[in-house]
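Below: the structure, in structure tokens.
Just follow the structure's listing: the first ligand is 1, and inside any ligand the first atom is 1. Model, not experiment: these values are computed from the prediction.
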Amino acid sequence: MSTVEARHVWKIYGKDVIAVKDANFRCENEEFVAFLGPSGCGKSSTLRMLAGLEDITKGEMLFDGKVVNKLSPRERNIALAFESYALYPPLTVYDNIGFPLLAKGMAKKEIDRKVRGIAEDLELTEVLRRKPGKLSGGQQQRVSLARALVRDPSVLLLDEPLSHMDQRVRTVIRARIRRIHDELHTTTIYVTHDQEEAVALADKIIVMSMGLVQQVGTADDLYNTPANQFVAGFIGEPAMNFINGKVSGQNRVALNNGESPVSWAVEENIPEASVDASVLVGIRPENIKTSKDSVDSGIKAKVEVVEYLGEERILTLRLHGTTLKAVVPIDFLAKEFQDVWLTADPADIHVFDEKSGDALIKTGR
Ligand code: ADP
Ligand code: MG
């Protein structure tokens, strides 16, 4: 049983390396929460402060409502698995996994049952008698993960725990981690730079960039109503397109497409203060409607590259110095250098302030 909370937490290394800026978040009991963001955005620093491995420069971390800033890792009842393995080289895999249980004074028989169970889950049964030095990076990482999962912690902290595994194993182990989380009824905090992992695993995703929490929400929230341009561009594959424009009315944006100006309706009213503001109009590749003939309010773009993606095609398009991507059906036969016309449903159009990057409307699907 544990809730985890950060209140105005900062991490500053040395004098001026600001790794985490005023972070506020809350993880509910038994929730699976992912920290997602590009390399260097402060994810590991946040997790290490939760673990007690790094001092908190300012602010408070709380477990179950109690401040834990001064508690050692041991006193926090957490289990950790990091990108690096930190295994004991002289011990076998079996003993590495069983070590935390032995330290707790658990009976040998019970330890055996648990170690074999988790080894089965993480496909380590064959290597239980080996020493870590004889294993691949991916296997060593699974041992480290097994050692964290075998305990019964209040909080499970995992930092890129699949990074050294190959794609097939990664998908299998990912699903097992979620299952084990559900069985243990623990609160899990999982750090990753991989949106696919975060979306597959987490109940709630905390997106970070440049030391700042950008948005907290479900995968659907982040995809449908990104709070700013960073989140909009980071979540979704291929990434959202951005076109320069201007607010031209209460629910209209004019697109800078060079030739004859085109304006698009958006679904919600843009705040009055933003009329005439320079904006970035966001539209996801899967939401762009592409036509080979000129259409009303269509913006003209040139096809540059045609790629195949399973049952669909992805077009890379050129629009006055901007590159866009559009997903089209497989039977949409487009040739390079051909002109196409693009439109979008008002409900699929996002609008971001050019300066702050903040979303000016919340589109709703
Ligand atoms: P992430 O895990 O998202 O990649 P980190 O939390 O590891 O990000 O790092 C955030 C920032 O803090 C980076 O700029 C990184 O270089 C810096 N940093 C991390 N650890 C240290 C450290 N021990 N000393 C100085 N700077 C650090
Ligand atoms: Mg990291």
Ligand-residue contact atoms, ligand 1 with S39, heavy atoms, under 4.0 Å:
4 (O)
The residue among R179, R178, R142 that forms salt bridge (Lys or Arg N to Asp or Glu O under 4.0 Å) with D121 is R179
Qualifying residue for side chain to side chain contact (heavy atoms under 4.5 Å, CB included) with Y190, from D159, I177, L36, L156
I177
More than 12 heavy atoms of other residues, nucleotides or ligands under 6.0 Å from CD of E120: yes or no?
no
Element-labelled atoms of ligand 1 that are located less than 4.0 Å from some non-hydrogen atom of A19
10 (C), 11 (C), 12 (O)
Looking at atom 15 (C) of ligand 1, is any protein heavy atom nearer than 4.0 Å to it?
no
Can you name the closest pair of heavy atoms from D296 and T343 and give their distance?
O-CG2, 3.7 Å
Counting backbone and side-chain atoms alike, does S44 have an N/O/S atom under 2.8 Å from the Mg ion (ligand 2)?
yes
Passing candidate, side-chain hydrogen bond (donor to acceptor under 3.5 Å, both in side chains) with S72, options K70, E75, R74:
E75
Heavy atoms, side chains only, cut-off 4.5 Å: are T187 and S154 in contact?
no
Identify the protein heavy atom lying closest to atom 4 (O) of ligand 1, giving its residue, its atom name and the separation to 0.1 Å.
G40 N, 2.6 Å
Mind checking whether Y88 and F99 have parallel, tilted or perpendicular rings, split at 30° and 60°?
tilted
Among all the protein's non-hydrogen atoms, which is closest to atom 7 (O) of ligand 1, and how far away is it?
S44 CB, 3.7 Å
Give the atoms of ligand 1, by number and element, whose distance to some non-hydrogen atom of C41 is under 4.0 Å.
1 (P), 3 (O), 8 (O)
Those atoms of ligand 1 less than 4.0 Å from some heavy atom in S45
5 (P), 6 (O), 9 (O)
Can you tell me if G37 has a non-hydrogen atom under 4.0 Å from ligand 1?
no
Can you tell me the protein heavy atom closest to atom 8 (O) of ligand 1 and the distance?
G42 N, 3.2 Å
Check for me whether K335 meets the cation-pi criterion with F337, that is, NZ or CZ under 6.0 Å from the six-membered ring centre and within 45 degrees of the ring axis.
no
Tell me: protein heavy atom nearest atom 19 (C) of ligand 1, and distance?
Y13 CE1, 3.5 Å
